[in-house]
Amino acid sequence: MLACETSRTVHGSALSTRSRCALKLAAIPAAAFVLARLLDLPPIAAGVVVLFAAMPTGANAYIFAVQYQRLVNPVSGAVALGTLMAAVTLPVVV
């Protein structure tokens, strides 16, 4: 699944991080909603699927970045930005 993380090249990473976080927090829940409707899931199950899809990237991405010493700063920024953006998008989804 698409996560709010940067690519290996850090050139222009602020814009790409914002756009990836926006995509993760808006497009993925919309796709989950459409898929839940297509699969004719019960309303509670569909709500759970959409809510989980709308959650921001978790701390696991940061833990892996620290453990493998790869892109620690961009990943930590992406996790923080995704969490802040989720404060706006989650109330809309719920």
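Sequential numbering from 1 along the given sequence is applied to the chain's residues.
- Checking side-chain atoms of K24 against main-chain N and O of P29 turns up no donor-acceptor pair under 3.5 Å.
- By the criterion of side-chain heavy atoms lying less than 4.5 angstrom apart, applied directly or through intervening Ile, Leu, Val, Met, Phe, Trp or Tyr residues, L51 is not grouped with V49; the two fall into different hydrophobic clusters.
- Cluster partners of V34, using a side-chain heavy-atom cutoff of under 4.5 Å among ILVMFWY residues and allowing indirect links, are L38.
- Minimum interatomic distance between A45 and L41 (heavy atoms only, all atoms of both residues): CB-CB, 4.4 Å.
- Shown here for A32 and V50, the closest heavy-atom pair between the two residues is C-CG2, 4.1 Å.
- A continuous path of hydrophobic side-chain contacts links L81 to L25 [ILVMFWY only; heavy atoms under 4.5 Å].
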List, one per line, each side-chain donor-acceptor pair under 3.5 Å for residues 83-94, sequence neighbours excluded.
from : atom 1 : to  : atom 2 : distance (Å)
T83  : OG1    : V79 : O      : 2.8
T89  : OG1    : M85 : O      : 3.4

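- Shown here for G82 and P56, the closest heavy-atom pair between the two residues is O-CB, 3.5 Å.
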Donor-acceptor pairs under 3.5 angstrom involving side-chain atoms of residues 59-69: please list them, not counting sequence neighbours.
from : atom 1 : to  : atom 2 : distance (Å)
Q69  : NE2    : V66 : O      : 2.6

